[in-house]
Amino acid sequence: EGAPVGGECAYLGDAAALAGARCTARYAADFLDLGLQTKAYESRAAAVLLQTEQAVRTAAAAGLEPQAAQNAAMVEIGRSSAAHSMLLLLRSCSHPSLPPRFAAVAGGEALHGLMAKVRSLFALYYMERDLAEFLEHGHLSQAQATLLRQQVRSLLQELRPQAVALVDAWGIADCELNSALGRHDGR
């Protein structure tokens, strides 16, 4: 009905098929795969967008003018915007190759691995938080939701020893944080 989408929205070119995509994870560790994470976020964004489109069409079919139909679907529009924004955030921190600034630092490979875990925690934490949407459109099964939770807990446990270093890396003074986590000694 309109022009083909491109750029950051190109994934929506086949929104119906994407919205119906099912997660392939069989084990908790499968959720660490960047491709699986990205596909999950794309699928959710497509599904929520299609729900938004249906809400606008339903309101228009009820006799509302186009602007009023959009206003009637504002909750769905907000959900759609949030789903797309989360996908963009995931993509923005998903560089598969080692950035030059890491490669030049001693231990850069280890830092890259640590940041990949932080990225996975980000992606999976928000999948767990918004689990209803991933379950509602059938991207995840109930069994996969359990595996997802297990992987989030595993990442938290794995990253906990690095928490002080991760917080200190931001260079925020301990007195500003007012938290034991930010202290160099972790107390």
Side-chain angles (χ1 to χ4, degrees), residues 8 11 18-19 21-48 79 81-187:
E8 294 292 345
Y11 71 99
L18 194 54
R22 303 293 177 251
C23 180
T24 59
R26 296 185 329 145
Y27 305 99
D30 292 344
F31 282 100
L32 296 174
D33 180 69
L34 175 59
L36 186 140
Q37 294 166 8
T38 303
K39 186 62 75 179
Y41 277 85
E42 288 174 348
S43 180
R44 177 185 61 162
V48 174
R79 286 179 55 227
S81 175
H84 180 69
S85 296
M86 290 303 294
L87 171 61
L88 294 181
L89 282 170
L90 176 61
R91 284 181 177 168
S92 73
C93 60
S94 299
H95 302 286
S97 61
L98 189 62
R101 68 179 179 274
F102 289 169
V105 175
E109 287 291 334
L111 181 58
H112 187 313
L114 177 63
M115 294 313 294
K117 288 177 186 175
V118 171
R119 182 217 56 234
S120 284
L121 180 59
F122 165 80
L124 301 181
Y125 169 82
Y126 283 101
M127 278 180 72
E128 182 182 10
R129 187 195 75 173
D130 300 333
L131 193 55
E133 288 185 348
F134 291 95
L135 288 168
E136 179 183 2
H137 74 270
H139 184 74
L140 291 178
S141 68
Q142 288 183 339
Q144 288 170 325
T146 300
L147 295 173
L148 171 66
R149 282 195 175 102
Q150 289 172 358
Q151 190 56 56
V152 169
R153 300 311 173 266
S154 176
L155 281 168
L156 286 169
Q157 209 168 21
E158 208 173 323
L159 289 169
R160 187 171 290 121
Q162 304 298 325
V164 172
L166 287 166
V167 171
D168 285 347
W170 288 98
I172 300 171
D174 293 343
C175 62
E176 291 178 77
L177 288 173
N178 194 24
S179 167
L181 185 61
R183 292 177 51 126
H184 293 284
D185 62 3
R187 297 182 188 181

To the nearest 0.5 Å, how far apart are [atom1] in [X] and [atom2] in [Y]?
| X | Y | atom1 | atom2 | result |
| --- | --- | --- | --- | --- |
| Leu36 | Leu124 | CG | CG | 8.5 Å |
| Asp130 | Tyr125 | CG | OH | 9.0 Å |
| Leu88 | Cys93 | CG | SG | 11.0 Å |
| Glu128 | Leu140 | CD | CG | 11.0 Å |
| Ser120 | Met127 | OG | CE | 11.0 Å |
| Arg91 | Glu8 | CZ | CD | 5.5 Å |

Does a side-chain heavy-atom distance below 4.5 Å link [X] with [Y]?
| X | Y | value |
| --- | --- | --- |
| Leu18 | Lys39 | yes |
| Gln150 | Arg153 | no |
| Leu114 | Leu166 | yes |
| Gln162 | Lys117 | no |
| Phe31 | Leu155 | no |
| Phe122 | Leu89 | yes |

Review point. Between Tyr11 and His84, is any side-chain donor less than 3.5 angstrom from a side-chain acceptor?
Key: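 The answer is yes; a qualifying pair exists.
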**Study point:** All side chain to side chain contact (heavy atoms under 4.5 Å, CB included) counterparts of Ser141, not counting sequence neighbours
**Key:**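 Applying side chain to side chain contact (heavy atoms under 4.5 Å, CB included) to Ser141 gives Ala143, Gln144.
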Point to revise | Any residue meeting side chain to side chain contact (heavy atoms under 4.5 Å, CB included) with Ser154, in chain and number order, not counting sequence neighbours | key: Gln151, Glu158
Shortest non-hydrogen contact from [X] to [Y]?
| X | Y | value |
| --- | --- | --- |
| Leu32 | Arg119 | O-NH2, 3.8 Å |
| Ala83 | Ala45 | CB-CA, 3.8 Å |
| Ala21 | Ser43 | O-OG, 3.7 Å |
| Arg44 | Ala82 | NH2-O, 4.5 Å |

Point to revise | Pairs touching residues 21-34 that satisfy side chain to side chain donor-acceptor pair (under 3.5 Å), sequence neighbours left out | key: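 Every pair satisfying side chain to side chain donor-acceptor pair (under 3.5 Å) with a residue in residues 21-34: there are none.
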Point to revise | Test item: His139 side-chain N/O and Ala19 main-chain N/O as donor-acceptor pair under 3.5 Å | key: no
Practice item. Give a yes or no on whether the backbone of Ala123 and the side-chain of Tyr41 come within a donor-acceptor separation of less than 3.5 Å. Key: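 Confirmed, Tyr41 side chain pairs with Ala123 backbone.
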